[in-house]
**Q** 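Quick one: this structure, given as structure tokens, is what I'll be asking you about.
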2 protein chains.
Amino acid sequence: MDMTTKLIAAAEQLFDRHGYMATGMDRLTEAAGMSSRTLYKHAGSKAQLMARVLTERDRRFMARLEVRTVDALFAALEDWVWVEGTRGCLFLRSRAETGGDTPEIAEAVASHKAAFHRRIEEVVAADLGREDPVLAEQVLVLIEGATHAAVYRGADAVSAARAAAAILIERART
Amino acid sequence: MDMTTKLIAAAEQLFDRHGYMATGMDRLTEAAGMSSRTLYKHAGSKAQLMARVLTERDRRFMARLEVRTVDALFAALEDWVWVEGTRGCLFLRSRAETGGDTPEIAEAVASHKAAFHRRIEEVVAADLGREDPVLAEQVLVLIEGATHAAVYRGADAVSAARAAAAILIERART
DNA sequence: TGCAATGTAAAACGAACGTTTTACATTGCT
DNA sequence: AGCAATGTAAAACGTTCGTTTTACATTGCA
């Protein structure tokens, strides 16, 4: 396993479970199993490391959203929550933790959320046979809501969102 | 203006805008306009201060949700977002920043979210004339979603959620 | 009049922060 | 055989962290 890969995987785990600011570099070097010298050679800085973590997570998350129907979007979200757990959206959390003042992080978040929004519009259009920006916004809100409600309401939040989306889609179709 | 009130107001601003971990006590004493000795006499510790901020915010937020219809719930959320801005849910954010490992904070968050869920069930029941836990869960997801989507989508997210809720309510009524 | 309460200003506490440096070992290519 | 690259271990960098302490001023009530 490549050092950079190992580092990013360890960083994602710690940042996600304990928070970006609360995770010190000592804890990170230990978890990644490498010296701080090597860590900095690969990561550059803590902020750059977080940005790489986010880029990698974007890749992994967006790959799951390569679907053709809105219902499949929620099925994918259920899988994601099952695998990754329910700790909210790491993108919004990193942005909030840094007050948006860390450029590398703010940019990674912005570009992920733009891609996320675009993807939902595409899926809604494919499912409905026409574009519907308002419905897409509602689906986006339901996914974001399921992600965050699941933190304290559990997986029920995701299935509730899925059922709600089905109703909205059905209504938009007829 | 009472010292404790001034302190909590300053703390809420800084914690919300820059994050809990990223806000140092020096910055806090300066913003609150008091010595660190006085600050610690009133707050006890940084974690206790955050807990009091959350308790106060819960009071202010829940007061706005004293309504009788689901649509009024979203109108209240629109007002809240207008006044307080769109930086996501401070309760979930504090919990995430501390990994749930700070008891005072974790408890304040848990009790707020429990009250929040209860209130939505009540409003849905009042609006519909009967209890509907599934619809309540969907409304909760829409509010949580609007709160977080608004961070990058703006106020449109809230009105989209409002319209979606209207459809779900209408369908549940007939 | 005098004491208890409440405040400020500022230094000090040890610990932890992100990052860099020093000194050395191992590897793989030409 | 020899050099460049890549790694480790560990100390040190100066800064900032949350919190406590020391010394002193002001106020309000008995």
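So that the names make sense, note that chain A is the first sequence line, chain B the second, and so on, each numbered from 1.
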**Q** Reading 5' to 3' and counting Watson-Crick or G-U wobble pairs with both distances under 3.5 Å, write the dot-bracket notation for DNA chain C, | for bases paired outside the strand.
**A** .|||||||||||.||||.||||||||||||
**Q** Below 4.0 angstrom, N of the basic side chain to O of the carboxylate: do A/Arg118 and A/Glu121 qualify?
**A**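 No salt bridge links A/Arg118 with A/Glu121.
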**Q** Heavy-atom distance under 4.5 Å between the side chains of B/Leu39 and B/Leu7, does that happen here?
**A**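 Yes, side chains in contact.
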**Q** What's the CE-C1' distance between A/Met3 and D/dT8, to the nearest Å?
**A**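 The answer, rounded to whole Å, is 10 Å.
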**Q** Reading nucleotides 11-20 of chain D from the 5' end, what letters show protein touch, with B for base, S for backbone sugar-phosphate only, - for no heavy atom under 4.0 Å?
**A** -------SBB
**Q** Considering only residues two or more places apart or on different chains, which pairs with a residue in residues 45-54 of chain B satisfy salt bridge (charged side-chain N to carboxylate O under 4.0 Å, His left out)?
**A**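 For residues 45-54 of chain B, and leaving out neighbouring residues, there are no salt bridge (charged side-chain N to carboxylate O under 4.0 Å, His left out) pairs at all.
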**Q** In this structure, how many angstroms lie between the P atom of C/dT8 and the CD atom of B/Glu30, rounded?
**A**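 Taking atom P of C/dT8 as the reference, CD of B/Glu30 is at 14 Å.
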**Q** Is A/Ile143 close to A/Ile120 at the side-chain level, that is, under 4.5 Å between some pair of heavy atoms?
**A**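 A side-chain contact exists here, since the closest heavy-atom pair is under 4.5 Å.
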**Q** Answer yes or no: does a side-chain N or O of B/Ser35 lie under 4.0 Å from OP1 or OP2 of C/dG7?
**A**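 Negative; the distance criterion is not met.
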**Q** For B/Glu107, what residues pass the salt bridge (charged side-chain N to carboxylate O under 4.0 Å, His left out) criterion, not counting sequence neighbours?
**A**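 Listed in chain order: nothing, the list is empty.
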**Q** How about CZ on A/Arg93, more than 12 heavy atoms from neighbouring residues, nucleotides or ligands closer than 6.0 Å, or not?
**A**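 It does: A/Arg93 CZ has more than 12 such atoms within range.
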**Q** Can you name the side-chain contact (heavy atoms from CB on, under 4.5 Å) partners of A/Ser94, sequence neighbours left out?
**A**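 Listed in chain order: A/Met50, A/Leu54, A/Leu90, A/Ile105.
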**Q** B/Asp2 CG to C/dT6 P: how many Å, rounded?
**A**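 So the two atoms are 12 Å apart, to the nearest Å.
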**Q** Can you check the B/Leu39 CG to C/dT6 P distance for me, whole Å?
**A**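 Distance, rounded to whole Å: 16 Å.
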**Q** Take atom CZ of A/Arg27 and atom C1' of C/dG18, then tell me their distance rounded to the nearest Å.
**A**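 Atom CZ in A/Arg27 sits about 16 Å away from atom C1' in C/dG18.
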**Q** Could you tell me whether the phosphate oxygens of C/dT6, OP1 or OP2, come under 4.0 Å of any side-chain nitrogen or oxygen in B/His42?
**A**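 Looking at the OP1 and OP2 atoms of C/dT6, neither is under 4.0 Å from any side-chain N or O of B/His42.
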**Q** Once side-chain hydrogen bond (donor to acceptor under 3.5 Å, both in side chains) is applied, what residue pairs with a partner in residues 147-172 of chain A remain, sequence neighbours excluded?
**A**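 Every side-chain hydrogen bond (donor to acceptor under 3.5 Å, both in side chains) pair that includes a residue of residues 147-172 of chain A, provided the two are not neighbours, is A/Asp71-A/Arg162, A/Glu78-A/Arg162, A/Tyr152-B/Glu144, A/Arg153-B/His117, A/Arg153-B/Glu137, A/Glu170-B/Arg171, A/Arg171-B/Glu170.
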